[in-house]
Amino acid sequence: MKRLTLFAVIAALVTLFTSAAGPANAGGDLRHGKVTVDGGSIHYVRAGNGPPLVLLHGWLGTWYTWNKVIPELARDHTVLAFDLPGIGESSVYAGGYDKVTTAHRIREAVRKIGFRGQVELLAHDVGGQVAYPYARDFPGEVTRLAVIEALLPGFGQEDFYPFSWHFQFNMSPIAEAVWDTGDTKPILDHFFDGARHPENIAREVFYKAYSDPGDRHAGFEYYRSLAADAADNQANAEAKRLQMPVLAIGGQQALGGIIAGSFRRVADDVREVIAPESGHFTPEENPQFTAACAKLFFANTPQPTPPADLTGCAP
(Lines give C-alpha, C1' and ligand atoms only; values in the text may rest on other atoms or scores of the structure.)
Protein backbone atom coordinates (compact mmCIF):
# COMPACT_ATOMS: atom_id res chain seq x y z
CA MET A 1 0.00 0.00 0.00
CA LYS A 2 1.39 3.41 -0.95
CA ARG A 3 1.53 6.19 1.61
CA LEU A 4 1.80 9.86 0.83
CA THR A 5 4.81 10.15 3.13
CA LEU A 6 6.71 7.50 1.17
CA PHE A 7 6.55 9.18 -2.24
CA ALA A 8 9.61 7.88 -4.06
CA VAL A 9 11.42 6.07 -1.22
CA ILE A 10 10.31 2.62 -2.30
CA ALA A 11 10.54 3.62 -5.97
CA ALA A 12 14.23 4.49 -5.59
CA LEU A 13 14.92 0.86 -4.72
CA VAL A 14 13.34 -0.37 -7.94
CA THR A 15 14.99 -0.19 -11.33
CA LEU A 16 13.44 -2.68 -13.71
CA PHE A 17 11.53 -5.84 -13.04
CA THR A 18 8.80 -8.04 -14.41
CA SER A 19 6.21 -9.90 -12.42
CA ALA A 20 2.74 -11.35 -12.50
CA ALA A 21 1.31 -8.44 -10.50
CA GLY A 22 -2.07 -7.00 -11.36
CA PRO A 23 -5.32 -8.41 -12.70
CA ALA A 24 -5.20 -11.07 -15.36
CA ASN A 25 -5.91 -9.98 -18.92
CA ALA A 26 -8.83 -11.40 -20.87
CA GLY A 27 -6.33 -12.69 -23.40
CA GLY A 28 -2.77 -12.18 -24.55
CA ASP A 29 0.63 -12.57 -22.94
CA LEU A 30 1.06 -9.68 -20.49
CA ARG A 31 4.29 -8.78 -18.74
CA HIS A 32 4.27 -6.31 -15.87
CA GLY A 33 7.25 -4.14 -15.12
CA LYS A 34 8.47 -0.93 -13.54
CA VAL A 35 11.12 1.56 -14.55
CA THR A 36 12.77 4.18 -12.39
CA VAL A 37 12.01 7.71 -13.60
CA ASP A 38 12.72 11.00 -11.87
CA GLY A 39 13.23 9.40 -8.46
CA GLY A 40 10.10 7.25 -8.58
CA SER A 41 8.89 4.20 -10.47
CA ILE A 42 6.36 3.95 -13.27
CA HIS A 43 4.44 0.72 -13.77
CA TYR A 44 3.58 -0.62 -17.19
CA VAL A 45 2.11 -3.67 -18.88
CA ARG A 46 3.69 -4.95 -22.07
CA ALA A 47 2.23 -7.26 -24.71
CA GLY A 48 2.84 -8.23 -28.30
CA ASN A 49 5.54 -7.40 -30.83
CA GLY A 50 6.03 -4.78 -33.47
CA PRO A 51 6.10 -0.97 -33.45
CA PRO A 52 5.55 0.49 -29.97
CA LEU A 53 2.05 1.71 -29.13
CA VAL A 54 1.79 3.61 -25.84
CA LEU A 55 -1.56 3.53 -23.99
CA LEU A 56 -2.43 6.18 -21.38
CA HIS A 57 -5.53 6.01 -19.18
CA GLY A 58 -7.58 8.78 -17.57
CA TRP A 59 -8.94 9.74 -14.17
CA LEU A 60 -10.75 6.90 -12.37
CA GLY A 61 -8.81 4.48 -14.53
CA THR A 62 -5.53 2.58 -14.49
CA TRP A 63 -3.73 0.58 -17.17
CA TYR A 64 -6.65 -1.85 -16.79
CA THR A 65 -8.81 0.61 -18.73
CA TRP A 66 -7.30 -1.03 -21.83
CA ASN A 67 -7.65 -4.64 -20.66
CA LYS A 68 -10.18 -5.66 -23.30
CA VAL A 69 -8.38 -3.77 -26.08
CA ILE A 70 -4.79 -4.89 -25.55
CA PRO A 71 -5.03 -8.45 -26.99
CA GLU A 72 -6.18 -7.21 -30.39
CA LEU A 73 -3.72 -4.30 -30.54
CA ALA A 74 -0.88 -6.60 -29.49
CA ARG A 75 -1.32 -8.67 -32.66
CA ASP A 76 0.75 -6.16 -34.62
CA HIS A 77 2.24 -3.78 -32.04
CA THR A 78 4.30 -3.85 -28.89
CA VAL A 79 1.71 -2.43 -26.53
CA LEU A 80 2.92 -0.48 -23.49
CA ALA A 81 0.02 0.35 -21.17
CA PHE A 82 1.13 2.64 -18.34
CA ASP A 83 -0.22 3.53 -14.94
CA LEU A 84 0.11 7.31 -14.92
CA PRO A 85 2.48 8.60 -12.22
CA GLY A 86 0.76 8.40 -8.84
CA ILE A 87 -1.94 5.97 -10.04
CA GLY A 88 -2.21 2.20 -9.73
CA GLU A 89 1.20 0.62 -9.19
CA SER A 90 3.18 3.73 -10.14
CA SER A 91 4.83 5.85 -7.46
CA VAL A 92 3.15 8.84 -5.90
CA TYR A 93 5.45 11.74 -6.76
CA ALA A 94 5.89 14.78 -4.54
CA GLY A 95 5.02 17.06 -7.45
CA GLY A 96 5.08 17.42 -11.22
CA TYR A 97 1.50 16.50 -12.11
CA ASP A 98 1.23 19.14 -14.81
CA LYS A 99 0.79 17.43 -18.14
CA VAL A 100 4.14 18.51 -19.58
CA THR A 101 6.12 17.01 -16.70
CA THR A 102 3.96 13.88 -16.82
CA ALA A 103 4.46 13.54 -20.58
CA HIS A 104 8.21 13.83 -20.15
CA ARG A 105 8.15 11.19 -17.41
CA ILE A 106 6.19 8.79 -19.61
CA ARG A 107 8.58 9.41 -22.50
CA GLU A 108 11.53 8.66 -20.24
CA ALA A 109 9.82 5.44 -19.14
CA VAL A 110 9.31 4.42 -22.78
CA ARG A 111 12.96 5.07 -23.50
CA LYS A 112 14.14 3.14 -20.45
CA ILE A 113 12.04 0.17 -21.48
CA GLY A 114 14.08 0.19 -24.67
CA PHE A 115 12.15 2.19 -27.28
CA ARG A 116 14.21 5.23 -28.26
CA GLY A 117 12.81 5.74 -31.74
CA GLN A 118 9.32 6.52 -32.92
CA VAL A 119 6.15 5.56 -31.05
CA GLU A 120 2.41 5.88 -31.47
CA LEU A 121 0.07 7.14 -28.74
CA LEU A 122 -3.46 6.09 -27.78
CA ALA A 123 -4.93 7.90 -24.79
CA HIS A 124 -8.18 8.36 -22.88
CA ASP A 125 -9.41 11.34 -20.83
CA VAL A 126 -6.54 12.85 -18.75
CA GLY A 127 -4.21 10.53 -20.63
CA GLY A 128 -5.05 12.48 -23.79
CA GLN A 129 -4.01 15.70 -22.05
CA VAL A 130 -0.65 14.02 -21.34
CA ALA A 131 -0.31 12.58 -24.84
CA TYR A 132 -0.69 16.01 -26.42
CA PRO A 133 2.51 17.59 -24.98
CA TYR A 134 4.32 14.29 -25.58
CA ALA A 135 3.50 14.59 -29.29
CA ARG A 136 3.95 18.36 -29.35
CA ASP A 137 7.32 18.50 -27.59
CA PHE A 138 8.78 15.44 -29.35
CA PRO A 139 7.19 15.54 -32.81
CA GLY A 140 10.00 13.54 -34.37
CA GLU A 141 9.25 10.65 -32.03
CA VAL A 142 5.45 10.40 -32.39
CA THR A 143 4.09 9.23 -35.73
CA ARG A 144 0.37 9.12 -34.90
CA LEU A 145 -1.81 10.21 -31.98
CA ALA A 146 -5.27 8.93 -31.08
CA VAL A 147 -7.30 10.42 -28.23
CA ILE A 148 -10.60 9.23 -26.76
CA GLU A 149 -12.94 11.50 -24.77
CA ALA A 150 -10.06 13.88 -24.03
CA LEU A 151 -10.56 17.65 -23.98
CA LEU A 152 -7.56 19.95 -23.94
CA PRO A 153 -7.17 22.47 -21.11
CA GLY A 154 -7.30 25.92 -22.65
CA PHE A 155 -9.19 24.66 -25.68
CA GLY A 156 -12.63 23.62 -24.55
CA GLN A 157 -12.33 21.78 -21.28
CA GLU A 158 -13.16 24.84 -19.20
CA ASP A 159 -16.56 25.05 -20.91
CA PHE A 160 -17.59 21.92 -18.99
CA TYR A 161 -16.67 23.08 -15.50
CA PRO A 162 -20.25 24.25 -14.77
CA PHE A 163 -21.71 20.88 -15.77
CA SER A 164 -19.92 18.52 -13.37
CA TRP A 165 -19.07 19.12 -9.72
CA HIS A 166 -15.88 17.05 -9.91
CA PHE A 167 -13.77 19.69 -11.67
CA GLN A 168 -13.87 22.28 -8.90
CA PHE A 169 -13.95 19.61 -6.19
CA ASN A 170 -10.83 17.85 -7.47
CA MET A 171 -9.00 21.18 -7.71
CA SER A 172 -9.90 22.19 -4.16
CA PRO A 173 -7.26 22.00 -1.40
CA ILE A 174 -9.63 20.08 0.87
CA ALA A 175 -10.45 17.23 -1.53
CA GLU A 176 -8.26 14.72 0.34
CA ALA A 177 -9.95 15.58 3.63
CA VAL A 178 -13.46 15.28 2.21
CA TRP A 179 -13.03 12.07 0.18
CA ASP A 180 -12.34 9.25 2.60
CA THR A 181 -11.60 5.68 1.52
CA GLY A 182 -15.17 4.67 2.35
CA ASP A 183 -16.46 7.21 -0.17
CA THR A 184 -14.62 5.63 -3.10
CA LYS A 185 -17.28 3.18 -4.23
CA PRO A 186 -20.25 5.60 -4.23
CA ILE A 187 -18.22 8.34 -5.93
CA LEU A 188 -16.91 6.07 -8.66
CA ASP A 189 -20.36 4.58 -9.09
CA HIS A 190 -21.73 8.09 -9.64
CA PHE A 191 -19.58 8.36 -12.77
CA PHE A 192 -19.69 4.75 -13.92
CA ASP A 193 -23.48 4.59 -13.64
CA GLY A 194 -23.71 7.37 -16.21
CA ALA A 195 -22.01 5.27 -18.87
CA ARG A 196 -23.91 3.90 -21.84
CA HIS A 197 -22.81 0.40 -20.81
CA PRO A 198 -21.87 0.56 -17.13
CA GLU A 199 -22.00 -3.22 -16.91
CA ASN A 200 -18.82 -3.37 -19.01
CA ILE A 201 -16.67 -1.37 -16.57
CA ALA A 202 -14.33 -3.33 -14.28
CA ARG A 203 -15.45 -1.43 -11.20
CA GLU A 204 -13.79 -3.61 -8.58
CA VAL A 205 -10.36 -2.96 -10.09
CA PHE A 206 -10.85 0.79 -9.92
CA TYR A 207 -12.47 0.73 -6.46
CA LYS A 208 -9.29 -0.93 -5.21
CA ALA A 209 -6.97 1.54 -6.93
CA TYR A 210 -8.74 4.70 -5.82
CA SER A 211 -9.28 3.44 -2.29
CA ASP A 212 -5.59 4.20 -1.87
CA PRO A 213 -5.13 7.80 -0.65
CA GLY A 214 -2.02 8.13 -2.81
CA ASP A 215 -3.99 7.44 -5.99
CA ARG A 216 -6.65 9.92 -4.96
CA HIS A 217 -4.04 12.58 -4.20
CA ALA A 218 -2.40 12.10 -7.59
CA GLY A 219 -5.79 12.28 -9.29
CA PHE A 220 -6.55 15.58 -7.58
CA GLU A 221 -3.13 16.93 -8.53
CA TYR A 222 -3.81 16.24 -12.20
CA TYR A 223 -6.85 18.50 -11.88
CA ARG A 224 -5.02 21.13 -9.83
CA SER A 225 -2.57 21.55 -12.69
CA LEU A 226 -5.28 22.38 -15.24
CA ALA A 227 -4.78 26.16 -15.14
CA ALA A 228 -1.05 25.75 -15.76
CA ASP A 229 -1.78 23.17 -18.46
CA ALA A 230 -4.18 25.58 -20.20
CA ALA A 231 -1.61 28.39 -20.17
CA ASP A 232 1.07 26.07 -21.57
CA ASN A 233 -1.23 24.71 -24.28
CA GLN A 234 -2.28 28.17 -25.40
CA ALA A 235 1.30 29.46 -25.42
CA ASN A 236 2.49 26.61 -27.66
CA ALA A 237 -0.52 25.84 -29.85
CA GLU A 238 0.50 27.82 -32.92
CA ALA A 239 4.27 27.61 -32.69
CA LYS A 240 4.15 23.84 -32.20
CA ARG A 241 1.08 22.76 -34.14
CA LEU A 242 0.87 19.00 -34.50
CA GLN A 243 1.62 17.78 -38.00
CA MET A 244 1.13 14.05 -37.43
CA PRO A 245 -2.35 12.54 -37.99
CA VAL A 246 -4.62 12.85 -34.95
CA LEU A 247 -7.61 10.55 -34.43
CA ALA A 248 -10.18 12.21 -32.15
CA ILE A 249 -12.82 9.80 -30.83
CA GLY A 250 -15.84 10.93 -28.85
CA GLY A 251 -18.49 8.70 -27.33
CA GLN A 252 -21.88 8.83 -29.02
CA GLN A 253 -23.55 9.37 -25.63
CA ALA A 254 -20.79 11.63 -24.33
CA LEU A 255 -18.65 14.33 -25.98
CA GLY A 256 -18.93 13.16 -29.58
CA GLY A 257 -17.46 15.61 -32.10
CA ILE A 258 -16.37 18.04 -29.40
CA ILE A 259 -13.11 16.11 -29.00
CA ALA A 260 -12.13 16.75 -32.61
CA GLY A 261 -13.04 20.42 -32.23
CA SER A 262 -10.69 20.75 -29.28
CA PHE A 263 -7.75 19.14 -31.08
CA ARG A 264 -8.30 21.15 -34.26
CA ARG A 265 -7.11 24.12 -32.23
CA VAL A 266 -3.65 22.55 -31.97
CA ALA A 267 -3.33 20.14 -34.92
CA ASP A 268 -3.61 20.32 -38.71
CA ASP A 269 -4.72 16.76 -39.51
CA VAL A 270 -7.59 15.75 -37.21
CA ARG A 271 -9.94 12.88 -38.07
CA GLU A 272 -13.27 12.97 -36.22
CA VAL A 273 -14.86 9.67 -35.17
CA ILE A 274 -17.95 8.99 -33.05
CA ALA A 275 -17.82 5.75 -31.05
CA PRO A 276 -21.27 4.12 -31.21
CA GLU A 277 -22.99 2.67 -28.16
CA SER A 278 -20.55 4.40 -25.87
CA GLY A 279 -20.37 7.06 -23.21
CA HIS A 280 -17.24 8.54 -21.67
CA PHE A 281 -15.56 5.22 -20.82
CA THR A 282 -15.28 4.14 -24.45
CA PRO A 283 -12.39 1.64 -24.20
CA GLU A 284 -14.40 -0.43 -21.74
CA GLU A 285 -17.94 0.28 -22.91
CA ASN A 286 -17.24 -0.59 -26.54
CA PRO A 287 -13.85 -2.31 -26.69
CA GLN A 288 -14.63 -3.98 -30.01
CA PHE A 289 -15.05 -0.64 -31.76
CA THR A 290 -12.11 0.90 -29.90
CA ALA A 291 -9.77 -1.90 -30.94
CA ALA A 292 -11.01 -2.05 -34.53
CA CYS A 293 -10.73 1.71 -34.99
CA ALA A 294 -7.28 1.89 -33.40
CA LYS A 295 -6.00 -1.03 -35.47
CA LEU A 296 -7.04 0.76 -38.65
CA PHE A 297 -5.56 4.09 -37.64
CA PHE A 298 -2.26 2.58 -36.49
CA ALA A 299 -2.01 0.03 -39.31
CA ASN A 300 1.48 -0.32 -40.75
CA THR A 301 0.36 -2.00 -43.98
CA PRO A 302 -2.42 -1.17 -46.47
CA GLN A 303 -5.82 -2.29 -45.25
CA PRO A 304 -8.96 -3.35 -47.13
CA THR A 305 -11.80 -0.86 -47.36
CA PRO A 306 -13.24 -0.63 -43.84
CA PRO A 307 -16.94 -0.92 -43.00
CA ALA A 308 -18.87 2.33 -42.99
CA ASP A 309 -18.74 2.87 -39.22
CA LEU A 310 -14.94 2.65 -39.29
CA THR A 311 -14.27 4.82 -42.34
CA GLY A 312 -13.04 7.75 -40.27
CA CYS A 313 -10.50 5.51 -38.52
CA ALA A 314 -8.56 4.69 -41.68
CA PRO A 315 -5.15 6.41 -41.91
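The structure displayed is predicted, hence computed values, not measured ones.
- With Tyr132 as reference, Asn233 is the one residue of Asp229, Asn233, Val246 to meet the side chain to side chain contact (heavy atoms under 4.5 Å, CB included) rule.
- Linking ILVMFWY residues whenever their side-chain heavy atoms come closer than 4.5 Å, directly or via other members, leaves Val100 and Leu84 in distinct clusters.
- Among residues two or more places apart in sequence or in another chain, the salt bridge (Lys or Arg N to Asp or Glu O under 4.0 Å) test is passed with Asp159 by none.
- Residues His57 and Val126 form no side-chain contact, since every pair of their non-hydrogen atoms from C-beta on lies 4.5 Å or further apart.
- Remark: the Gln243 side chain and the Asp269 side chain contain no N/O donor-acceptor pair separated by less than 3.5 Å.
- For the residue pair His197/Asn286, the side-chain donor-acceptor check at 3.5 Å is not satisfied.
- Under the 4.5 Å side-chain criterion, counting only non-hydrogen atoms from C-beta, Gln118 is not in contact with Met244.
- With respect to the salt-bridge test (charged N to carboxylate O, under 4.0 angstrom), the residues Asp232 and Arg136 qualify.
- What you find for Thr143 and Pro245 is that their closest heavy atoms are O-CD, 3.5 Å.
- Contacts of Glu277 classified as salt bridge (Lys or Arg N to Asp or Glu O under 4.0 Å), with partners at least two apart in sequence or in another chain: Arg196.
- In this structure, a donor-acceptor pair under 3.5 Å is absent between the side chains of His32 and Glu89.
- In this structure a side-chain-to-backbone donor-acceptor pair under 3.5 Å is missing from Ser262 to Ile259.
- Other residues, nucleotides and ligands place no more than 12 heavy atoms under 6.0 Å from the NZ atom of Lys208.
- Looking at Asp125 and Glu149, their side chains never come closer than 4.5 Å, going by heavy atoms from C-beta outward.
- Not one N or O on the side chain of Arg31 forms a donor-acceptor pair closer than 3.5 Å with the backbone of Ala47.
- Of the options Tyr210, Phe281, Trp59, a ring-ring contact (aromatic ring centres under 6.0 Å, His included) to Phe191 is made by Trp59 and by none of the others.
- A salt bridge links Arg224 with Glu221: the closest approach of a Lys/Arg side-chain nitrogen to an acidic carboxylate oxygen falls below 4.0 angstrom.
- A heavy-atom distance below 4.5 Å is not found between the side chains of Phe297 and Glu120.
- Here Phe220 pairs with Trp179 under the ring-ring contact (aromatic ring centres under 6.0 Å, His included) rule; sequence neighbours left out.
- Contact of the Phe82 side chain with the Val54 side chain is registered, since non-hydrogen atoms from C-beta on lie closer than 4.5 Å.
- Looking at Arg203 and Asp193, a side-chain N of the basic residue comes within less than 4.0 Å of a carboxylate O on the acidic one, giving a salt bridge.
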